[in-house]
Novice: 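What follows is a structure written as structure tokens; I'll ask about it next.
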Amino acid sequence: MEKKAEYIWYNGNLVKWQEANLHVLTYGLHYATGAFEGIRIYNGKPFKAEEHYKRFRQSAAVCKIDIPYSDNELIEATINLIHQNSLESGYIRPITWLNNQNLILSSPHTYCEIAIAAWPSFYNSGISGQKADPLNLTIAHWKKAPKNSFPNSHKTTASYMVHYLVKQSAVTDGFDDALILDQDNRITEASTSNFFIIKDNEIITPKAGDFLLGITRNTIIDIANDNGIKVSQKQITLQDLEKLKPDAAFLTGTAIEMRVIESISYSGKTIEFNTNNSLFNKLLHLFHGYVMQHSH
Ligand code: PMP
């Protein structure tokens, strides 16, 4: 079994892992009224904690959850949790959900519950020297819900029901993951990561739309801008990909960091990419340097 951290921060207190439990009638479990985050620990420190907790509060607000702790209190709790669990690397999962004394959907007596859990090992970090395998992707059968039907750009627990289905069917069909299209057939994101392509000396990523604007995505954009690498944010359809014939493509996210894509297959077609692209390699190197520099 995977190694577990000893403590979880739960509604303001550090409790033993096995004691951080919920009741089966928890309101948020039944009605998917929850929001969460994923934060990496590098060098014993949470990476980009301010950005993650800002997004956490925004996602919670979409579920009408008012978190009764300030961002600073949550960051302090996170730093203390890392310390108490003696973690140098790993992953942090803050989560908040609504609870209630009954199951009436419209009850006014809902209240916020909140926990911050730590995982000593979640995904191996590329930074620890592991060379990750290139990814083979497909296109999800599920599309993003129309803009006026779901809060697609927040990290709510509800959005992961579809992302779970997307990931499960991709894996069942022999792929690593799938890209999800929006209602206008534009590429949005993969199940837990953002999408980039490289053409000549430019990196291109879908412009803000019905998907989560990843903190890793922002980091890559900042790194590119700081290093004179051209970045564009634009709408990308599968037809655009076929016409543009990108040199390389990759996914970004807290858990997977930066992972190169080998192929995207759909409707009997396969688009292949160079998995040893020099601009990708340069960005990966710059990303590793950035992460190290920002976790001291
Ligand atoms: N999209 C989705 C659906 C995700 O779950 C994640 C992971 N949080 C991302 C994108 C990437 O976001 P980040 O870089 O902030 O981890």
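Every value quoted in this text rests on a predicted model; they were computed, and no experiment measured them. Remember, it's 1-based here, ligands and their atoms both numbered in the order they're listed.
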Novice: Evaluate the criterion side-chain contact (heavy atoms from CB on, under 4.5 Å) for residue pair Phe196 and Leu283; output intermediate values, then yes/no.
Specialist: CA-CA 12 Å; Phe196 282 82; Leu283 272 170; over 6 Å; no
Novice: Please work out which of the three classes, parallel, tilted or perpendicular, describes the rings of His294 and Tyr290, given edges at 30° and 60°.
Specialist: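 Geometry flag for His294 against Tyr290: parallel rings.
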Novice: May I ask whether Ser191 places a heavy atom under 4.0 Å from ligand 1?
Specialist: yes
Novice: Non-hydrogen atoms of Arg55 versus ligand 1: any pair closer than 4.0 Å?
Specialist: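 The answer is yes, since Arg55 has a heavy atom less than 4.0 Å from ligand 1.
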Novice: For the side chain of Asp184 and the backbone of Arg186, is there at least one donor-acceptor N/O pair under 3.5 Å apart?
Specialist: no
Novice: Can you name the one residue among Val171, Ile256, Leu137 that meets side chain to side chain contact (heavy atoms under 4.5 Å, CB included) with Asp177?
Specialist: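 Single pass found, and it is Leu137.
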Novice: Could you tell me whether ligand 1 has any atom less than 4.0 Å away from a heavy atom of Phe211?
Specialist: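 No heavy atom of Phe211 comes that close to ligand 1.
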Novice: Looking only at protein heavy atoms, identify the closest one to atom 14 (O) of ligand 1 and say how far it is in Å.
Specialist: Thr216 OG1, 2.5 Å
Novice: Is there a donor-acceptor contact under 3.5 Å linking the side chains of Ser278 and Asn281?
Specialist: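 Judged by distance alone, the side chains do not pair up.
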Novice: Determine, for Glu189 against Lys144, whether the closest basic-nitrogen to carboxylate-oxygen distance falls under 4.0 angstrom.
Specialist: yes
Novice: In ligand 1, which numbered atoms sit nearer than 4.0 Å to a non-hydrogen atom of Ile215?
Specialist: 13 (P), 14 (O), 15 (O)
Novice: Any carboxylate oxygen within less than 4.0 angstrom of a Lys/Arg side-chain nitrogen, looking at Arg57 and Asp71?
Specialist: yes
Novice: Out of the candidates Lys48, Lys155, Arg55, only one should pair with Glu37 under the salt bridge (Lys or Arg N to Asp or Glu O under 4.0 Å) rule; please name it.
Specialist: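 For Glu37, the salt bridge (Lys or Arg N to Asp or Glu O under 4.0 Å) test succeeds with only one of Lys48, Lys155, Arg55, which is Arg55.
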Novice: Which ligand 1 atoms are under 4.0 Å away from a heavy-atom of Lys155?
Specialist: 5 (O), 7 (C), 8 (N)
Novice: Report the relative orientation of the aromatic rings in Phe47 and Tyr42; use parallel for angles under 30°, tilted for 30 to 60°, perpendicular for over 60°.
Specialist: perpendicular
Novice: If you have a sec, work out which protein heavy atom is nearest atom 9 (C) of ligand 1 and how many Å separate them, to one decimal?
Specialist: Thr192 O, 3.5 Å
Novice: Just to confirm my output: which protein heavy-atom neighbour is closest to atom 5 (O) of ligand 1, and how far is it?
Specialist: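 Closest protein heavy atom to atom 5 (O) of ligand 1: Tyr160 OH, 2.4 Å.
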Novice: Suppose we measure from atom 11 (C) of ligand 1 to each protein heavy atom; which comes out shortest, and what is that distance?
Specialist: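 Nearest protein contact, heavy atoms only, for atom 11 (C) of ligand 1 is Asn194 OD1, 3.6 Å.
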Novice: Under 4.0 Å from a heavy atom of His163: which atoms of ligand 1 are those, numbered in the order shown and with their elements?
Specialist: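 Under 4.0 Å from His163, ligand 1 has these atoms: 3 (C).
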Novice: Which of these passes side chain to side chain contact (heavy atoms under 4.5 Å, CB included) with Ile116: Thr78, Asn80, Ile95, Ile8?
Specialist: Thr78
Novice: Please determine if Thr254 has a nitrogen or oxygen closer than 3.5 Å to a nitrogen or oxygen of ligand 1.
Specialist: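 Yes.
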Novice: Note the single closest protein heavy atom to atom 12 (O) of ligand 1, along with its residue, its atom name and the distance in Å.
Specialist: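 For atom 12 (O) of ligand 1, the nearest protein heavy atom is Gly214 CA, 3.3 Å.
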Novice: Of all the atoms in ligand 1, which lie at a distance below 4.0 Å from a heavy atom belonging to Gly253?
Specialist: 11 (C), 14 (O), 16 (O)
Novice: Does at least one non-hydrogen atom of Ser193 fall below 4.0 angstrom from an atom of ligand 1?
Specialist: yes
Novice: Can you list the atoms of ligand 1 that are under 4.0 Å from a heavy atom of Glu189?
Specialist: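 Those of ligand 1 that fall under 4.0 Å from Glu189 are 1 (N), 2 (C), 3 (C), 10 (C).
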